[in-house]
Amino acid sequence: YPGHLRAERGSEKTELNFRDVNLLRHFVSRKGQAVKPADLLQYCWEGHPSGEAQLVQWHIAQLRRKIEADSEEPTLIKSTPEGGYRYG
C-alpha cells in the first residue's frame, strides 16, 4: 500500500519513511559491498555536501533501531573498518 512503508520481522511491524526505503534500496543493490557515507549522501540525499557524515550516521542508527533485532549488535547493516557500511 503506497501510503504505508513497513518492515516486518516475524509478527513485528515497523513503519519506515522514504529515507529508510532509499537507504535500504541502495544497500540491497550493493549487498555484501562496503558503502561509503559519501555514496549514501549522493544517492539518498541527491548530492548533499559530502562533509555531513554525521547525518548519515544518525539515519543509519535510526534505521538499525527499526530493522535490527538488536541495534547495538547489528547483523543486517554492519559498520566497516573503513568507516562505511555493509548490508548482508
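No experiment lies behind these values; they were computed from the predicted model shown.
For the atom pair Arg65 CZ and Asp70 CG, the distance stands at 11.5 Å (nearest 0.5 Å). Of the inter-residue distances, the one linking Tyr87 atom OH with Leu24 atom CG reads 6.5 Å to the nearest 0.5 angstrom. Atom CZ in Arg86 sits 13.0 Å away from atom NZ in Lys31 (nearest 0.5 Å). Considering OH of Tyr85 and CZ of Arg64, their distance stands at 6.0 Å, rounded to 0.5 Å. Atom CG in Leu5 sits 12.5 Å away from atom OG1 in Thr14 (nearest 0.5 Å). A distance of 8.0 Å separates CG of Leu16 from CD1 of Ile67, quoted to the nearest 0.5 Å.
By the 4.5 Å heavy-atom criterion applied to side chains, Leu40 and Phe27 are counted as neighbours. Leu23 places none of its side-chain heavy atoms less than 4.5 Å from the side chain of Val56. In this structure the side chain of Arg30 never reaches within 4.5 angstrom of the side chain of Tyr43, judged on heavy atoms. Contact of the Glu68 side chain with the Thr75 side chain is registered, since non-hydrogen atoms from C-beta on lie closer than 4.5 Å.
The number of heavy atoms from other shown groups lying within 6.0 Å of CD (Glu73) does not exceed 12. Surrounding NZ of Lys66 are more than 12 heavy atoms belonging to other residues, nucleotides or ligands, all under 6.0 Å away.
Cluster annotation: Phe18 and Ile60 are assigned to the same hydrophobic cluster (Ile/Leu/Val/Met/Phe/Trp/Tyr, side-chain heavy-atom contacts under 4.5 Å, transitive).
Looking at every heavy atom in both residues, Gly84 comes nearest to Pro37 through CA-CD, 4.0 Å.
A donor-acceptor pair under 3.5 Å is formed between the side chain of Arg19 and the backbone N or O of Cys44.
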